Asks: 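Okay, here's the structure, questions in a sec.
Residue numbers start from 1 in every chain, and the chains themselves are labelled A, B, ... in the order their sequence lines are given, proteins ahead of strands. Fair warning: this is a prediction, and the values are worked out from it, not measured in the lab.
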Amino acid sequence: NAGVTQTPKFQVLKTGQSMTLQCAQDMNHEYMSWYRQDPGMGLRLIHYSVGAGITDQGEVPNGYNVSRSTTEDFPLRLLSAAPSQTSVYFCASRLTGTDSNQPQHFGDGTRLSIL
Amino acid sequence: AQSVTQLDSQVPVFEEAPVELRCNYSSSVSVYLFWYVQYPNQGLQLLLKYLSGSTLVKGINGFEAEFNKSQTSFHLRKPSVHISDTAEYFCAVLKWGAQKLVFGQGTRLTINP
């Protein structure tokens, strides 16, 4: 079972560059989300999706875009990278609907540095 | 809106000693509560969860947590820790009927031999 797969694992960008962090899950989960993890701040929700074609903003959405064209994939785009976006990014998925209390499954993270 | 506070950013303990990691939450409505563990350079894994029923919840690796509604707490405990328990632990809250899981700041547990 692959679970939640994130690529790449590491990335270094220059300020102003754009890139897409990939996330895919093979568990047929409706709900997918992106978090960023920074020291002393826990995990903060960037964007989330409750199903294909539906996305919504989380706690810290500025500077990031998402789309959900399929159930399996939920890419996160940085349009113009800034040093403040240096972080570890986690994608997570779970069942939704009446099972909103189901635990989330996390990927292994993408470590992103913006110079 | 709900929020989660983990009262200790770091907890050092000796091997085989007991440990308690504290978590308090605030919410005006009923919530589900979770503890996740993150081992170095990995993603988060579910340790245990409280949905309803018995307030004492047992999880993996010998951990347990107690839901205290009056104190709005969900503290995590283990009677005897091992070196392999070295990790960061996150408390999280999900409001009933909501979709967004809110995490605490994390507690780094360090086990000394």
Asks: Is the shortest side-chain heavy-atom distance between B:Leu101 and A:Tyr48 below 4.5 Å?
Replies: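 No; the side chains remain at least 4.5 Å from each other.
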Asks: Same cluster or not: B:Val31 versus B:Val57, using hydrophobic residues (I, L, V, M, F, W, Y) connected whenever any side-chain heavy atoms lie under 4.5 Å apart?
Replies: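 Yes, because B:Val31 and B:Val57 connect within a single hydrophobic cluster, where side-chain heavy atoms sit under 4.5 Å apart.
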Asks: Is chain A contacted by the side chain of B:Gln6, its backbone, both, or neither, given a heavy-atom distance below 4.5 Å?
Replies: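 Answer is neither: B:Gln6 stays 4.5 Å or more from chain A.
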Asks: Against chain B, label A:Leu45 side chain, backbone, both or neither, depending on which of its atoms sit under 4.5 Å from a heavy atom there.
Replies: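 The answer is the side chain of A:Leu45.
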Asks: Quick one: CZ on B:Phe90 to OH on A:Tyr35, what's the gap to the nearest 0.5 Å?
Replies: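 The distance works out to 11.5 Å.
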Asks: Tell me, side chain or backbone of A:Arg44 under 4.5 Å from chain B's heavy atoms, or both, or neither?
Replies: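 For A:Arg44, neither part sits under 4.5 Å from chain B.
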Asks: If I measure from the heavy atoms of chain A, does B:Leu46 come under 4.5 Å with its side chain, its backbone, both, or neither?
Replies: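 Looking at B:Leu46, just its side chain touches chain A.
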Asks: Do A:Tyr64 and A:Tyr31 belong together in a cluster built from hydrophobic side chains that touch within less than 4.5 Å?
Replies: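 Different clusters: A:Tyr64 never reaches A:Tyr31 through Ile, Leu, Val, Met, Phe, Trp or Tyr contacts under 4.5 Å.
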Asks: Tell me, for B:Gln45 versus chain A, whether the close heavy atoms (under 4.5 Å) come from the side chain, the backbone, both or neither.
Replies: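 Interface part for B:Gln45: neither.
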Asks: Indicate the atoms forming the closest heavy-atom contact of B:Glu88 with A:Gln37, along with that distance.
Replies: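 Reported closest heavy-atom pair: OE1-NE2, 4.2 Å.
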Asks: Honestly curious: do A:Leu43 and A:Leu112 fall in one hydrophobic cluster under the side-chain, below-4.5 Å linking rule?
Replies: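 Result: no, two separate clusters.
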Asks: Looking at B:Lys49 and A:Pro103, what are the two nearest heavy atoms and their distance?
Replies: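 Closest pair (atom of B:Lys49, atom of A:Pro103, distance): NZ-CD, 3.6 Å.
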Asks: Report whether B:Leu109 and B:Leu76 are members of the same hydrophobic cluster (ILVMFWY, side-chain heavy atoms less than 4.5 Å apart, transitive linking).
Replies: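 Per the 4.5 Å side-chain linkage, B:Leu109 and B:Leu76 are co-clustered.
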Asks: Could you check whether any side-chain heavy atom of A:Glu59 comes within less than 4.5 Å of a side-chain heavy atom of B:Val102, counting everything from C-beta outward?
Replies: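 Contact flag for A:Glu59/B:Val102 side chains = no.
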Asks: For a quick test of reading the model, state the closest non-hydrogen atom pair linking A:Gln104 to B:Tyr36 and the distance between them.
Replies: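 What the structure gives for the nearest pair is N-OH, 2.9 Å.
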Asks: Taking atom CD as the centre, does B:Gln42 end up with more than 12 heavy-atom neighbours from other residues, nucleotides or ligands that are less than 6.0 angstrom away?
Replies: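 Enclosed: over 12 neighbouring heavy atoms sit under 6.0 Å from CD of B:Gln42.
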Asks: Going hydrophobic residue to hydrophobic residue with side-chain gaps under 4.5 angstrom, can you get from B:Ile83 over to B:Tyr39?
Replies: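 Yes, one cluster joins them.
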Asks: State the CG-CD distance between A:Asp38 and B:Gln105, to the nearest 0.5 angstrom.
Replies: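 Here the rounded value is 12.5 Å.
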